[in-house]
A.B. asks: 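Please find one structure pasted underneath; my questions will follow.
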Amino acid sequence: MKATRDELLKEHQKELLAKDTGIDRMLERTQGGDSTKAKDDLARLFRLYQALAIDKGLQPIADAMKRHVCQLGRTHIEKSQELAKEKGGGSGDKNHELITNLIKLHDRFLNLVKGSFQGDQLFHKALKEAFEDFINMNYFTSNYLAKYANDILRKGNRASVMDLDKTMDHVVMLYGYIRDKDIFERDYQTYLAHRLLQDLSESEQSEKAMIGKLKTESGCHWTSKLEDMFKDIQRSKELMIEFNKTHSESLAIEMNVSVCTTGAWPSNTVSTCKVPEDIQPAADKYKKFYSRLHSGRKLDFRMDLGKAEVQVYFNSRENKILVVTTYQMMALLLFNTKKVLTFKEMLEMTGIPRKELAWHVLSLAHPKVKVLRKDPSSKRIEDDHRFGLHPKYKNARKRIAIPLMAKPHEDDPGAEERRQILRLRQHQMDAAIVRIMKARKTQVHTDLVAEVTRQLNNRFTPAPNDIKKKKYRLRLCVDTTGRSSETAKAHRG
């Protein structure tokens with residue numbers, strides 16, 4: 001009798017799962033008023049195939065759940081991508097619907113796995129593979145996850161959350177499903193740098209708690225850089241206290257300097273703009289102060305990452321304190337010497353890159369801001385366009401934070417970031433190959449590719465062809481030092 005029942009269930013399992021009232025319908029009903037009954041139905045289905053001990057009887061059910069979860073995840077991502085396109089590729093998901101929907105999706109099916117499917121490892125694996133599948137379709141979800149993490153940790157908390165610690169756990173959970181973790185990590189580090197340098201972190205304790213959770217998931221290779229960033233900020237505060245003890249009274253301005261160690265921060269490109277004359281004396285004094293403490297170190301000022309408070313006199317009766325970017329401050333200081341300037345003159349006097357200056361100056365001349373008056377009044381900017389302080393500027397507040405408008409559309413946004421990530425990946429492949437060959441001396445090519453992939457798989461998935469190219473480049477370098485032909489042959493496989 002038992003053999004007959006087993007055979008009947010084996011024979012009809014596919015048909016049973018594919019029916020209109022089958023597995024997909026049961027999974028759909030786990031949301032809404034019929035959810036309790038649907039979960040009971042799924043539990044009975046699980047027990048039936050588990051108790052009868054049919055070979056691989058649970059696998060088709062787990063596969064069906066995986067396909068269902070994967071389809072739901074893809075739908076959420078596609079809807080979010082369409083919304084982003086409608087909004088011009090910018091902030092199409094201000095409410096973070098994509099990330100919150102994925103968190104709810106994971107919680108819903110994790111509870112189902114633990115309940116109706118009795119925590120069976122087959123279903124845990126199916127859920128994991130489903131999330132890995134749709135999250136890694138492209139880098140879209142990874143980028144939005146980094147934005148979400150930024151907004152829950154910054155002042156003002158743009159993402160409304162009830163339990164911050166639980167929300168951070170959810171972020172790390174989704175991060176764990178990302179294969180090319182270096183993409184997320186680059187974005188996260190860039191956002192963290194902005195929060196630290198602009199003093200936008202809601203809580204240092206929360207920031208460190210988040211880093212601790214990321215370290216548990218991915219190890220200390222990357223998170224050590226985040227910790228170094230915090231050390232830089234803390235050390236910078238101590239340096240400013242020492243500097244102000246001896247120099248504060250002799251300075252015409254109030255200044256706060258953050259000293260960032262090269263390599264620990266996401267951007268190491270030093271801007272080529274000219275330090276304004278109003279700031280130069282203070283900058284020189286800080287350089288001398290720092291050089292006395294750390295001889296041999298080179299200190300360069302990054303004028304593109306800071307912010308400033310500038311008192312602006314628009315007319316004889318109206319003066320305001322504007323909180324602006326350092327580039328905007330440099331532009332505003334030009335009007336101390338001349339009332340009207342062309343864009344070309346501003347470029348020559350500041351040395352700020354053209355695209356950056358255009359973005360920051362147009363933000364000051366925006367119709368909703370009107371700090372500067374532009375002639376002609378248009379979104380475009382040419383060398384002969386003229387700018388001046390707006391004499392009729394009005395604002396009820398004494399201190400006004402000037403927002404930056406959305407960055408102008410670029411032909412290939414993020415191209416430079418991708419190039420930096422690719423360069424970092426190349427260095428990591430070089431290091432992995434060298435480590436392996438130093439330890440093993442000789443290695444067959446296929447085994448070398450497998451070992452490099454294993455070592456780097458928690459950062460990104462290297463392509464076999466890329467490993468081959470790196471191997472031959474390194475082999476050529478080593479061969480020039482006189483390595484034997486037998487060793488070279490073994491290395492080539």
Side-chain angles (χ1 to χ4, degrees), residues 88 90-91 94 154-156 158 194-195 197-200 252-256 271 273-280 282-283 301-410:
S91 53
K94 285 184 179 178
R154 65 175 289 159
K155 287 179 180 176
R158 296 181 182 181
H194 182 70
R195 293 196 300 273
L197 294 174
Q198 303 294 330
D199 192 25
L200 292 175
I253 61 171
E254 291 184 19
M255 181 177 69
N256 183 55
S271 55
C273 62
K274 304 169 185 175
V275 178
E277 292 181 3
D278 306 70
I279 298 174
Q280 191 68 60
F301 280 92
R302 290 286 303 268
M303 305 301 290
D304 56 326
L305 297 177
K307 66 178 180 180
E309 293 188 8
V310 185
Q311 187 163 19
V312 181
Y313 291 83
F314 293 94
N315 52 53
S316 57
R317 291 176 297 176
E318 194 76 19
N319 70 87
K320 301 290 182 182
I321 296 174
L322 305 182
V323 182
V324 295
T325 66
T326 315
Y327 277 169
Q328 288 175 328
M329 173 205 71
M330 292 171 66
L332 289 171
L333 289 175
L334 299 177
F335 297 103
N336 283 335
T337 56
K338 198 173 180 181
K339 288 186 177 181
V340 178
L341 291 161
T342 64
F343 182 64
K344 185 178 180 180
E345 288 175 325
M346 296 173 80
L347 279 169
E348 292 171 350
M349 295 169 76
T350 61
I352 298 172
R354 185 183 185 89
K355 286 184 179 179
E356 291 293 316
L357 182 61
W359 177 34
H360 287 76
V361 168
L362 286 175
S363 296
L364 291 170
H366 193 280
K368 292 184 178 179
V369 178
K370 293 183 178 179
V371 168
L372 294 182
R373 186 164 56 180
K374 180 178 180 290
D375 181 27
S377 180
S378 64
K379 293 181 180 179
R380 293 174 59 255
I381 191 165
E382 302 292 346
D383 284 350
D384 59 347
H385 288 187
R386 302 192 305 165
F387 292 87
L389 292 176
H390 204 299
K392 295 182 180 179
Y393 179 80
K394 294 286 183 183
N395 196 303
R397 296 178 179 177
K398 182 67 178 174
R399 184 178 180 273
I400 307 110
I402 305 298
L404 275 175
M405 67 180 190
K407 203 161 190 176
H409 177 72
E410 298 176 4

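Only this structure's heavy atoms are used, side chains among them; waters, hydrogens and symmetry mates stay out. Residues take their numbers from the sequence shown, with the count starting at 1.
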A.B. asks: Nearest 0.5 Å, what's the CD-CD1 distance between Glu309 and Ile400?
C.D. replies: 11.0 Å
A.B. asks: Could you pull out the closest heavy-atom pair between Lys374 and Arg380, with the gap in Å?
C.D. replies: NZ-O, 2.9 Å
A.B. asks: Take the angle between the ring planes of His360 and Tyr327 and call it parallel below 30°, perpendicular above 60°, tilted in between.
C.D. replies: perpendicular
A.B. asks: Which heavy atom in Phe387 sits nearest to a heavy atom in Val361, and how many Å separate them?
C.D. replies: CE2-CG1, 3.4 Å
A.B. asks: To check you understand the geometry: which heavy-atom pair defines the closest contact between Met255 and Ala283, and what is its length?
C.D. replies: SD-N, 4.5 Å
A.B. asks: Taking atom CH2 of Trp359 and atom OG1 of Thr325, what is their separation to the nearest 0.5 Å?
C.D. replies: 8.0 Å
A.B. asks: Could you check whether any side-chain N or O of Asn315 sits under 3.5 Å from a backbone N or O of Pro391, counting only pairs where one atom can act as donor and the other as acceptor?
C.D. replies: yes
A.B. asks: What's the shortest heavy-atom distance between Asp384 and Thr342, and which atoms?
C.D. replies: O-CG2, 4.3 Å
A.B. asks: Say you draw a straight line from CG of Leu362 to NE2 of His385; how long is it, rounded to the nearest 0.5 Å?
C.D. replies: 10.0 Å
A.B. asks: Look at the side chain of Lys398 and the backbone N and O of Ile321, then say whether any donor-acceptor pair between them is shorter than 3.5 Å.
C.D. replies: no
A.B. asks: Considering non-hydrogen atoms only, spot the tightest contact between Ile402 and Val371 and give its length.
C.D. replies: CD1-CG2, 3.8 Å
A.B. asks: Would you please test Met346 and Ile352 for side-chain contact (heavy atoms from CB on, under 4.5 Å) and show each step?
C.D. replies: CA-CA 9 Å; Met346 296 173 80; Ile352 298 172; over 6 Å; no
A.B. asks: Does CZ in Arg386 sit with more than 12 non-hydrogen atoms of other residues, nucleotides or ligands closer than 6.0 Å?
C.D. replies: no
A.B. asks: Out of curiosity, Leu372 CG to Tyr393 OH, how far, rounded to the nearest 0.5 Å?
C.D. replies: 10.5 Å
A.B. asks: Quick check: do Gln328 and Leu404 have side-chain heavy atoms less than 4.5 Å from each other?
C.D. replies: yes
A.B. asks: Using a 6.0 Å cut-off, check whether atom CD of Gln311 has over 12 heavy atoms from anything other than its own residue.
C.D. replies: yes
A.B. asks: Between the side chain of Ser363 and the main-chain N/O of Met405, is any donor-acceptor distance below 3.5 Å?
C.D. replies: yes
A.B. asks: Checking Lys307 side chain against Leu197 main chain: does a donor-acceptor pair fall under 3.5 Å?
C.D. replies: no
A.B. asks: Which distance, rounded to the nearest 0.5 Å, do you find between the CZ of Arg354 and the CD1 of Ile381?
C.D. replies: 7.5 Å
A.B. asks: Heavy atoms only: give me the nearest Gly306-Thr326 pair and the separation to one decimal.
C.D. replies: C-OG1, 2.8 Å
A.B. asks: Between Gln198 (side chain) and Leu305 (backbone), is there a donor-acceptor pair under 3.5 Å?
C.D. replies: yes
A.B. asks: For residues 333-341, please give each side-chain donor-acceptor pair under 3.5 Å, one per line with the distance, not counting sequence neighbours.
C.D. replies:
from	atom 1	to	atom 2	distance (Å)
Thr337	OG1	Leu334	O	2.9
Lys338	NZ	Glu345	OE2	2.9

A.B. asks: Sub-3.5 Å donor-acceptor pair from the side chain of Lys379 to the main-chain atoms of His366, do we have one?
C.D. replies: no
A.B. asks: In Å and rounded to the nearest 0.5 Å, what is the CD1 to CE distance from Ile279 to Met303?
C.D. replies: 4.5 Å
A.B. asks: Would one find more than 12 heavy atoms of other residues, nucleotides or ligands at under 6.0 Å from atom NZ of Lys370?
C.D. replies: no
A.B. asks: Is there a donor-acceptor pair closer than 3.5 Å between any side-chain N or O of Lys320 and the backbone N or O of Asn395?
C.D. replies: yes
